[in-house]
Amino acid sequence: MPDDMVEAHLQGVRNAAAAGWRVLTRGGPALDAIEEAVVIMEDDGTFDAGRGSFLNRDGRVQLDALIMEGATLRAGGVGCVEHLRNPVRTARKILSESPHVYFVAEGAEKFATEHGVPLCRNEDLVIEREVERLREYQEEASGHGNDLFAPSISHDTVGAVALDRDGNIAAATSTGGTLNKAPGRLGDSSLIGCGCYADNLSAAVSTTGWGEPIMKLVLAKWTADRVAAGNLPEWAAQEAMNYLQQRLNGHGGIIVLNAQGQVGIAHNTPRMAWACKTMKKEEVGVVRNSV
Ligand code: ASP
């Protein structure tokens with residue numbers, strides 16, 4: 001995250017936490033809170049989710065999202081959608097209204113239309129900053145050999161976890177994926193247990209970063225299992241980042257929350273924007289120092 005983007009990221013995560021908090025304070029479920037928080041970040045051009053996402057090799061926005069409820073293990077996911085302004089809303093409808101868990105591409109968009117979600121044009125999701133970023137990247141890559149997975153490329157996926165007054169937790173993750181990805185490439189973000197997971201008996205988890213290593217390690221579930229085994233979310237989050245780096249030289253970040261309200265936030269990148277709001281305090285930052 002470049003210096004000149006820090007303030008926009010801080011404001012973005014602050015707005016998202018506030019939207020989630022509004023739902024929780026009126027007694028709403030964690031599932032609604034994270035949906036609203038993620039919608040705010042999808043609509044915010046700062047992040048790699050919804051409008052303003054990284055572009056794929058063909059210059060198109062292709063989005064993935066997952067939402068999961070810890071009380072019931074119900075989940076809804078969409079992959080490779082190109083005409084949904086807020087993929088997390090359709091993911092939520094899949095969770096609530098479909099016997100299936102996952103829809104991709106045109107099938108997901110057909111499901112959305114059938115359930116009252118309007119489609120948008122792909123151009124509506126593309127912003128000038130990303131057109132320029134892709135152009136620069138492709139120009140540079142043509143000279144140096146195209147390292148699609150270079151850890152130095154920034155990652156800006158969004159995610160949220162929440163605990164409600166009934167003691168239920170939930171998690172959601174939404175992304176435009178990686179810059180210059182091949183059309184049809186699906187990352188970790190929308191895969192259950194990789195970029196997102198929630199179980200009241202373990203933890204709600206959302207991850208960001210270089211997706212291929214994260215999915216090979218099924219990292220969200222790996223982390224939730226460590227919490228279920230009795231470890232603190234703070235420790236599990238840090239361990240997940242160590243595991244990602246040591247095992248596959250992966251880079252990313254993670255947020256973890258258990259049903260007791262204990263929080264873990266960690267990243268092995270220089271920065272990751274995060275916000276955390278509880279009854280007692282509100283904190284935001286772009287660096288989380290491990291405890
Ligand atoms: N994890 C996402 C992906 O690989 C990218 C990101 O977190 O920014 O699709």
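Worth saying up front: this structure is predicted, and the values here are computed from it rather than measured. All ligand and atom numbering here is 1-based and tracks the order in the structure. Counting from 1, the numbers follow the sequence of the chain as shown.
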> Do other residues, nucleotides or ligands put more than 12 heavy atoms under 6.0 Å from Arg247 CZ?
Replying inline: no
>> Check this for me - ligand 1, Arg185, N or O atoms closer than 3.5 angstrom, yes or no?
In response: yes
> Cut-off 3.5 Å, side chains only: do Asn242 and Gln246 have a donor facing an acceptor?
Replying inline: no
> Would you say Gly211 has any N or O atom under 3.5 Å from an N or O of ligand 1, going by distance alone?
Replying inline: yes
>> Counting only nitrogen or oxygen atoms and a 3.5 angstrom limit, does Gly209 reach ligand 1?
In response: yes
> Is the closest N or O pair between Asp188 and ligand 1 shorter than 3.5 Å?
Replying inline: yes
> Is there a nitrogen or oxygen of Asp156 sitting under 3.5 Å from a nitrogen or oxygen of ligand 1?
Replying inline: yes
> Parallel, tilted or perpendicular: which fits the ring planes of His115 and Phe111, with parallel below 30° and perpendicular above 60°?
Replying inline: parallel
> Would you say the side-chain atoms of Asn168 and Glu69 include a donor-acceptor pair closer than 3.5 Å?
Replying inline: no
> Taking the side chain as C-beta and beyond, is there a heavy-atom pair between Phe103 and Lys110 under 4.5 Å?
Replying inline: no
>> Is there a polar contact, in the sense of an N or O pair closer than 3.5 Å, between Asp64 and ligand 1?
In response: no
> Closer than 4.0 angstrom: is that true for some heavy atom of Ser189 and an atom of ligand 1?
Replying inline: yes
>> Is it the case that ligand 1 has an N or O less than 3.5 angstrom from some N or O of Glu212?
In response: no
> Without hydrogens or angle criteria, can the side chains of Ser190 and Tyr102 be said to hold a donor-acceptor pair below 3.5 Å?
Replying inline: yes
